[in-house]
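Right, one structure below, let's go through it.
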Amino acid sequence: MTRLRVLAVDDVAPALAELTRLLRASPCVAEAVPAGDALTALKTLQSGTFDAVFLDISMPGMDGLELAKLLARMADPPEVVFVTAFEEHAVSAYGVGALDYLLKPVAAERLNATLTRVLRVAGREPVAPPPAAVDELAAVSVELGGRTRYVRRADVRYAEAQGDYVRLHTRGGSHLVRMPISRLEEHWGGVGYVRVHRSFLLAVSAVQELRSDSTGGLLAHTDAGDVPVSRRHARELRDRLLEAATRGDFGAGR
């Protein structure tokens, strides 16, 4: 969030000190500059850019309403918030374009609500991030004998296609789920799983070593069993394992 630079104007020193303190304590404010009268406020405004002016109305010489009318003529005027002990000036205050009208003594919560409005009007209010996408299939339900169990993706070493089903192999056993392996690959492909065979989806982090079978084929060894790797997918698996080894993750298990 980009914080605000604000000016506090009040001819009563204790009131000015308290308003400045409250502004500086707000998480919305980067800098709060005090001014003891309208002329000092004008000079201060000419020396730099301010997002808002928190302004008393009853002041000797030029009062707050007169100052607000001058500020409205600026090319890029700050937002004006009146801070006063008198309710009767509210209509006049809004008539000169005030964003808000606060009565003394000002509560910190009320002041922060006004500062949030200043941020919003200035287009600098923090935008809430979009809701996090649901991590589909982070766990898979398994139906067996009228009971439902859940297998966490993190526990699955590899998945094996069996017709319209897929068998999930974990260190503690295997679980049959009615789901095509293509759907599992769609959801798990971006979170550490790689297709190594027409019928097998493998967790890269589960690979402990590569082995050759009796016919010269390639096997990926895991603590849940060996997984055949087709020639078509061997290069991708080796590249993924090399990346893991570079990070120091190869053979670490899950």
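Every value quoted in this text rests on a predicted model; they were computed, and no experiment measured them.
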**Study point:** W188 and V194: CA distance, side-chain angles, deciding distance, side chain to side chain contact (heavy atoms under 4.5 Å, CB included) verdict
**Key:** CA-CA 8 Å; W188 289 9; V194 61; over 6 Å; no

Practice item. Say whether R120 and T116, considering side chains only, have a donor N or O and an acceptor N or O under 3.5 Å apart. Key: no

Exercise for review: Please examine the side chains of L218 and P228, heavy atoms only from C-beta on, and report whether any two atoms are closer than 4.5 Å.
Suggested key: no

Practice item. Examine distances only and state if a side-chain atom of D51 and a backbone atom of V6 form a donor-acceptor pair shorter than 3.5 Å. Key: no

Check your understanding: Do K69 and E66 meet the salt-bridge criterion of a basic N to acidic O distance under 4.0 Å?
Key -> no

Review point. For the hydrophobic clusters of this structure (ILVMFWY residues joined by side-chain heavy atoms under 4.5 Å, transitively), does one cluster hold both L242 and Y193?
Key: no

Review point. Once the angle between the rings of H169 and Y158 is folded into 0 to 90°, is it parallel (under 30°), tilted (30 to 60°) or perpendicular (over 60°)?
Key: parallel

Exercise for review: Check step by step if side chain to side chain contact (heavy atoms under 4.5 Å, CB included) holds for R110 and L102.
Suggested key: CA-CA 8 Å; R110 179 69 174 87; L102 307 180; 3.3 Å; yes

Check your understanding: Does R211 use its side chain to pair, donor to acceptor, with the backbone of L219 at less than 3.5 Å?
Key -> no

Exercise for review: Test H233 against L202 for side chain to side chain contact (heavy atoms under 4.5 Å, CB included), laying out the working first.
Suggested key: CA-CA 11 Å; H233 295 95; L202 174 68; over 6 Å; no

Exercise for review: Answer yes if M62 and L45 sit in the same cluster of Ile, Leu, Val, Met, Phe, Trp and Tyr residues linked by side chain heavy atoms under 4.5 Å apart, and no otherwise.
Suggested key: yes

Exercise for review: Could you check if a side-chain atom of L119 sits within less than 4.5 angstrom of a side-chain atom of C28, using non-hydrogen atoms only?
Suggested key: yes

Review point. Does some side-chain heavy atom of P27 sit less than 4.5 Å from a side-chain heavy atom of N112?
Key: yes

Review point. D56 versus V83: any side-chain heavy-atom pair under 4.5 Å?
Key: no

Check your understanding: When clusters are formed by joining ILVMFWY residues with side-chain heavy atoms under 4.5 Å apart, either directly or through shared neighbours, do V177 and Y150 land in the same one?
Key -> no

Review point. Should L210 and L241 count as side-chain neighbours, where that means a heavy-atom distance under 4.5 Å?
Key: yes

Exercise for review: Assess whether side chain to side chain contact (heavy atoms under 4.5 Å, CB included) is satisfied between L137 and E186, documenting all intermediate values.
Suggested key: CA-CA 10 Å; L137 300 184; E186 177 185 349; over 6 Å; no

Check your understanding: Do V9 and L19 come close enough that some side-chain heavy atom pair is under 4.5 Å?
Key -> no

**Study point:** Option from E160, M179, H175, R178 for which side-chain contact (heavy atoms from CB on, under 4.5 Å) with V166 holds
**Key:** M179

Review point. Is there side-chain contact between L71 and F50, with heavy atoms separated by less than 4.5 Å?
Key: no

**Study point:** pair L22-F54: side-chain heavy atoms closer than 4.5 Å
**Key:** no

Practice item. Indicate, with yes or no, if V80 and I57 share a hydrophobic cluster defined by side-chain heavy-atom contacts under 4.5 Å among Ile, Leu, Val, Met, Phe, Trp and Tyr. Key: yes

